[in-house]
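The structure appears below as structure tokens.
Model, not experiment: these values are computed from the prediction. Letters A, B, ... are given to chains in the order of the sequence lines, protein chains preceding strands, and every chain is numbered from 1.
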2 protein chains.
Amino acid sequence: MKNLSLIICCCSFYLINAQQILSPSKEISVAFSLTDRGAPTYTLTYKGNSVIKPSKMGIVLKDGTLLNQNFALEDVKTDTFDDHWTPVLGEESAIRNHYNQITFHLKHLDSDKKIDIVFKVYDEGVAFRYEFPFENKVDYFVISDETTEFNVTGDHNTFWLPGDYDSQEYNYNETPLSKIDISKINRDNGIALQSITSNFRVQSPLMMRSAEGLYLNIFEAAVNNYPVMHLDVNTKNFQLTSNLVPNAVGDKAYLRTPSTTPWRTIMVSDDARDIVASKMILNLNEPSKIEDTSWIKPMKYVGIWWEMHVGKATWDYAGSQNAQNAESQALIPTGKHGATTENTKRYIDFAAKHGFDGVLVEGWNVGWEDWFGNWKEDVFDFTTPYPDFDIEEVHHYAKSKDVKMIMHHETSGSVGNYERHLDRAMALMKKYEYPAVKTGYVGRIIPRGEFHDGQAMVNHFNFVAQRMADNQLMVNSHESTRPTGYHRTYPNFIAAEAARGNEFNAWSNGNLPSHETVLPFTRLLGGPMDYTPGIFEIKMDVYDPSKTEQVHTTLAKQLALYVTMYSPLQMAADLPENYEKYLDAFQFIKDVPADWQTSKYLEAEPGDYLTVVRKDKHSENWFLGAITDENPRHTEIKLDFLSPSTMYKAIIYQDGEDAHWEKHPKSYNIITKTVTNKTKLKLKMAAGGGTAVSLMPIDQ
Amino acid sequence: MKNLSLIICCCSFYLINAQQILSPSKEISVAFSLTDRGAPTYTLTYKGNSVIKPSKMGIVLKDGTLLNQNFALEDVKTDTFDDHWTPVLGEESAIRNHYNQITFHLKHLDSDKKIDIVFKVYDEGVAFRYEFPFENKVDYFVISDETTEFNVTGDHNTFWLPGDYDSQEYNYNETPLSKIDISKINRDNGIALQSITSNFRVQSPLMMRSAEGLYLNIFEAAVNNYPVMHLDVNTKNFQLTSNLVPNAVGDKAYLRTPSTTPWRTIMVSDDARDIVASKMILNLNEPSKIEDTSWIKPMKYVGIWWEMHVGKATWDYAGSQNAQNAESQALIPTGKHGATTENTKRYIDFAAKHGFDGVLVEGWNVGWEDWFGNWKEDVFDFTTPYPDFDIEEVHHYAKSKDVKMIMHHETSGSVGNYERHLDRAMALMKKYEYPAVKTGYVGRIIPRGEFHDGQAMVNHFNFVAQRMADNQLMVNSHESTRPTGYHRTYPNFIAAEAARGNEFNAWSNGNLPSHETVLPFTRLLGGPMDYTPGIFEIKMDVYDPSKTEQVHTTLAKQLALYVTMYSPLQMAADLPENYEKYLDAFQFIKDVPADWQTSKYLEAEPGDYLTVVRKDKHSENWFLGAITDENPRHTEIKLDFLSPSTMYKAIIYQDGEDAHWEKHPKSYNIITKTVTNKTKLKLKMAAGGGTAVSLMPIDQ
């Protein structure tokens, strides 16, 4: 009851002192005030209804300074902004950045320090951050806590990941806020390294739906020189509080003036499509720092990768990632090594034949016999190929076929070792004309004591993007922190994994059939994901009859993912020999582009379904992707986005009559019909199913 | 009394089971046994007298395995070794490596792990280490403690440094073991970063003298992939126990089989000269891993450095290392910047005129306005010169004068940042033909939580030496861990600071007059020191009348240091304009070489005095250096080391009649006489004084 009276007190205080700012649409309103103790506090309403109750804001410094109370308001400035910008690669060829801004200039009465709190209010949500201005002297400070609250109004249905400091590769849990409890979930999920220190902590982006049908998303943007923010959950009063990932000595962030925190974001709408289509996170990041971006290109690729996941081949040359085999002076090949020159040429041939841009080869370099699980520092040197991988020959062969090679740098979390070798590793890439690299961070971080999500690692991932940009190289990071829009600033950071990817279906309990319907509301808000869709051989028993693992979708849904999961980097992840068996379905993967003029989210419900159409950046072709969760779904789509008075050939890749992700996942059929912008397209999706449609103008 | 009975028990046990090994001279005897609890234990005697009482040995693993008890002895092997090797640079042109070896193959009954304990017994001492053999499987393990004891027999007079994990830049304290107590010493000593967690912990090398006149030194050799060993002191029973420097999470060392610890060394003699002349530490290191060493050369150098220490110039361009000045967009020069093109040319001219090989320039690169004290990560990029330092012009000018430039890389302890830039920094050195670099590590280490003396930093220093070797570059590290002979393995690691250097005399309470008489018994056992002798303007009031700081030696002693402090890298540290004032004394610095055929320690008493003669590697010239502590000293030296039937011109640089380090430090005179191998040379040294002598054959 004490808490309640405090809130009432704050509310009444608000009526007197709060300063308001509205979104351009005027549907979102943010009110800011100082409590009678000088604590910064805000509320948020949407269409007049409370979304965020009075919530405190602030920072605690390591020296004991409490920058969350005893402030005086010195000045307030408002501004409005409306502009368009052009992403190098994206879902849209132009992005509107439209918001109202208010800055509260605060003075901390205890320490004389000045802090600004800046709000930007967009039509789809609000962002705020703390700014530490330069006050005529450089001021170093260490943040030991951020005490930002997000006090939501009820026991919302929530899609949450455990607040793990080292991994986001979980399935989403869908529960009311009051039922969040990590001790209750299955953690036998294929994640080798789990760093969880509270059962009531979750990750952001945190997607919620209120009983009244409001969609709410709490996230952050432009995380740079700051740790990742997780959220501590009070399951009784639905108070969410920022939890910053600590470093090796327990500190959170080292900053100096002038600097800022990342943006804390709250998106809200009564239409879920507004959340999933929002470009707010991107808008909150700095414009590109790369002047000449002509070398940054979308890529569709195949690679020597899935065959390791399914057990057909190994990354290593001399045994199955078995340290014991690393000991002998001369490695004795097992014959199962995937990254051979011969096998690489097979993939190059396949890529050339079917029009893929690139070939990824994992396991090309020495070190895989003893790379994981022992916090080993000197693992890979990123420059020495295995004896059966002739990098020179591969280079010439790929070039002769007009196929680009994609480099692979697995660090095993030994980041110091990677940084020590990075310049030489990039020199090798330049020598052999690799335009892009896939990086990996499987395992505990070295420098020891650091987490994947701490300030040091955030800086590392951004540093790699910057150094790769210096050398005109693109990067696709796996097991990194989840992105928060940094690819606007460094567009060569074309994709990341940073969520549970398709690979978990090969060797763990896999991904829930609803997984891909949640990702666009969470992980994908921060940036493109290298999800590696396109698995046609759904069940792993084709490789070994004793295997029970499987992809938890139908084959048709695997096709739809190329549209529903936006990424300028798209893998056709299955084996060439599997694609050869289903060339009619494979045609969709060949046709679908990876860069777009425009995108329209037609239907969206987190955890249930998503229907998207996108128009190719360089043609009049449209592509539709529709997916459902574990439930079958029938829907009808108006093709009114097509150009009027144009006939289109629609090729519809859909679930077969008996399709079902578990029972008949490979049942599909392909229908071709002629459509116009008046056509209504009926889509029938199986349990765990989906539909992919290509729509190409018919020459008239 | 309980302790005593235990020792008696052990001793009696020894009589039954101990295995003995003798030094080649048979004067040193080591006995090893397992106690009835299976704990490895050793004793050491010298000429029949106990030097180390029964002392336990062992390791504790992080997983709880106690590798210091419950062992069974499986096998014992003995060996003997006698050979010579040729150092690239050194005090001797050939070094004898002569020892008896015994290996105890132990099996740990609790864990089934095997450990070997290996002893090498030299004429001047014993070394032992723990070896973790490969037992047909790679075994990763984490060391949480090493429990090696060195139980000395009495309350020896001891030269000790506080057991600081980040610095060795202290004056030596000379007390009995029983009086060691860091809380009692003056710590207002100019050391900005002090990391001391126990008042009863000291550093090694630890030099002692017993009441009976035995000289005893405890140290370690070949520290590689292991932290530095400090020593916990029991001031009651004189038990010394190893204390390994922890990492950010409190672990000590990450190892895997096969591997070894560093060698733990105990030198003992009744003649102090045996300790100071010993090459045991070098012998315990691996032979050179550099095949072509033709590019590794001794260097005498001058540089833009002392003028910053005395306040005449600044490292930075825009203020006196004041972060506030770093903020403005365009740095505004103060006019005090030392590293200008013009000033550099002045030093190049001076070096060329007087025959110096190199010129060091500190403060040449941007970043010095905000480099220290704030645990800042991105400080220097090691490649961007200040606007008033034209690296291209300097390069051409130096080349035209046949002078080499010496690069400077101050990291400010931000090691990750340095490693990220290292390849580019070395590329710059190669481009402008810098043959060597002086590195610096002033400040708290980043990765945060690491200490200068931890395993990660030991590896870093060795890594830098290796990478520099890959690029045929020499390295001289300051504020690194103290060396333990790694310059045998990487001879391009030509020098290090890693002790209290001459610079402290410029701006702190300075170095005790005895300081340089202790260093050869401690710090110098591990490798050459870049002490930067040669300060002629002893008192800092010449730069500013209000200054009271001074060098705590006479001018003549500054000359003698070029002989007493062996290093293949020797700076003439004072300003050119100061040398111009004393060109007669300066002649000795010009004449003395930095690489030797042979060296003879004629007189030695730690903390009191040292007299050394060395023969130039490339001529028949000899050089003598004699120094004393705060007490005047008269001595007579037989020149019987000279070639018979050869006349030598002796130039004797000695303290003046009224010389005194404090009262008349610059009082000196120079005497020239003809001598032969029959001559006895009388040396008269003032308080804090010394004598330098050059002995050159007279053409007959």
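Of the two parts of A:Tyr418, neither the backbone nor the side chain holds a non-hydrogen atom closer than 4.5 Å to a non-hydrogen atom of chain B. Looking at A:Arg424, both its backbone and its side chain come within 4.5 Å of chain B, counting heavy atoms on both sides. Both the backbone and the side chain of A:Ala248 come within contact range of chain B, with heavy atoms under 4.5 Å apart.
Dense packing is recorded around NZ of A:Lys430, with more than 12 heavy atoms of other residues, nucleotides or ligands lying under 6.0 Å away. In A:Glu286, the CD atom is not crowded: 12 or fewer heavy atoms of neighbouring residues, nucleotides or ligands sit closer than 6.0 Å.
Here the CZ atom belonging to A:Arg448 is positioned 8.0 Å from the CG atom belonging to B:Asp251, to the nearest 0.5 angstrom. Atoms NE2 and CG, on A:His421 and B:Leu422 in that order, are 11.0 Å from each other to the nearest 0.5 Å. The CD atom of B:Glu419 lies 9.5 Å from the CG atom of A:Asn417; values are rounded to the nearest 0.5 Å.
Taking A:Glu377 as the reference, A:Arg420 meet the side-chain hydrogen bond (donor to acceptor under 3.5 Å, both in side chains) condition, with sequence neighbours excluded. Residues satisfying the ring-ring contact (aromatic ring centres under 6.0 Å, His included) test with B:Tyr434, not counting sequence neighbours, are none.
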